[in-house]
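Just so it is clear, the structure is predicted and the values come from calculations on it, not from any experiment.
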Amino acid sequence: MTRTKKAEIKALLKRTFWQFEDESDFDITPKLVRQFAQSQLHPDVIEATAINISGRGFWLRVERMCLLTLHARKYI
């Protein structure tokens, strides 16, 4: 994954969840995102996006989580 794509996903994360607005891109780590997800998101969202699994493709799963959240907000 390129740095540009990762930066885009982190920007999407900041737009989706206000808790990340004040964080720098450097401070947004997989560990921080997983901790946030476990404390703030419904278990079904965590399971659907597999955000709690580490490894390859993590930032793509974060992107999917953000897009799913934004889509759900339209209908709530």
Side-chain angles (χ1 to χ4, degrees):
M1 170 167 296
T2 64
R3 291 181 189 191
T4 305
K5 180 67 175 172
K6 194 182 294 186
E8 290 173 4
I9 294 170
K10 288 181 180 184
L12 176 63
L13 184 67
K14 288 179 182 182
R15 287 192 311 270
T16 306
F17 300 106
W18 63 268
Q19 294 89 337
F20 290 103
E21 285 179 356
D22 296 333
E23 298 287 337
S24 71
D25 284 354
F26 182 75
D27 293 334
I28 298 175
T29 61
K31 182 179 179 179
L32 180 67
V33 174
R34 280 191 212 98
Q35 288 174 347
F36 167 77
Q38 289 178 350
S39 67
Q40 299 293 322
L41 297 179
H42 192 276
D44 290 342
V45 174
I46 294 171
E47 183 179 342
T49 59
I51 201 70
N52 57 344
I53 299 173
S54 62
R56 190 172 220 179
F58 175 78
W59 291 109
L60 294 174
R61 293 191 301 271
V62 170
E63 180 181 36
R64 190 174 1 161
M65 176 187 69
C66 292
L67 295 174
L68 178 65
T69 302
L70 290 172
H71 181 73
R73 284 182 187 166
K74 288 182 182 179
Y75 299 102
I76 292 178

Answer yes or no: are there more than 12 heavy-atom neighbours, outside Asp44 itself, under 6.0 Å from its atom CG? yes
Closest approach of Thr49 to Leu68 (non-hydrogen atoms, all atoms of both residues): CG2-CD2, 4.1 Å
Residues Ile28 and Lys10: closest non-hydrogen pair is O-NZ, 3.2 Å
pair Lys14-Asp25: side-chain heavy atoms closer than 4.5 Å: yes
Do Ile51 and Val45 come within less than 4.5 Å of each other through their side chains, counting heavy atoms only? no
The criterion is side-chain contact (heavy atoms from CB on, under 4.5 Å); which residues satisfy it with Arg73, sequence neighbours excluded? Thr16, Phe17, Thr69, Leu70
Let me confirm one number: the CD-CD distance from Gln35 to Gln40, rounded to the nearest 0.5 Å. 11.5 Å
Gap separating the CG atom of Leu13 from the CE atom of Met65, nearest 0.5 angstrom: 5.5 Å
Acceptor/donor pairs from residues 53-63 side chains to any protein atom, 3.5 angstrom cut, sequence neighbours excluded:
residue : atom : partner : partner atom : Å
Arg61   : NE   : Ala50   : O            : 3.0
Arg61   : NH1  : Arg56   : O            : 3.0
Arg61   : NH2  : Ile53   : O            : 2.4
Glu63   : OE2  : Lys5    : NZ           : 3.1

Would you say Phe36 and Leu12 are hydrophobically clustered, going by side-chain heavy atoms of ILVMFWY under 4.5 Å? no
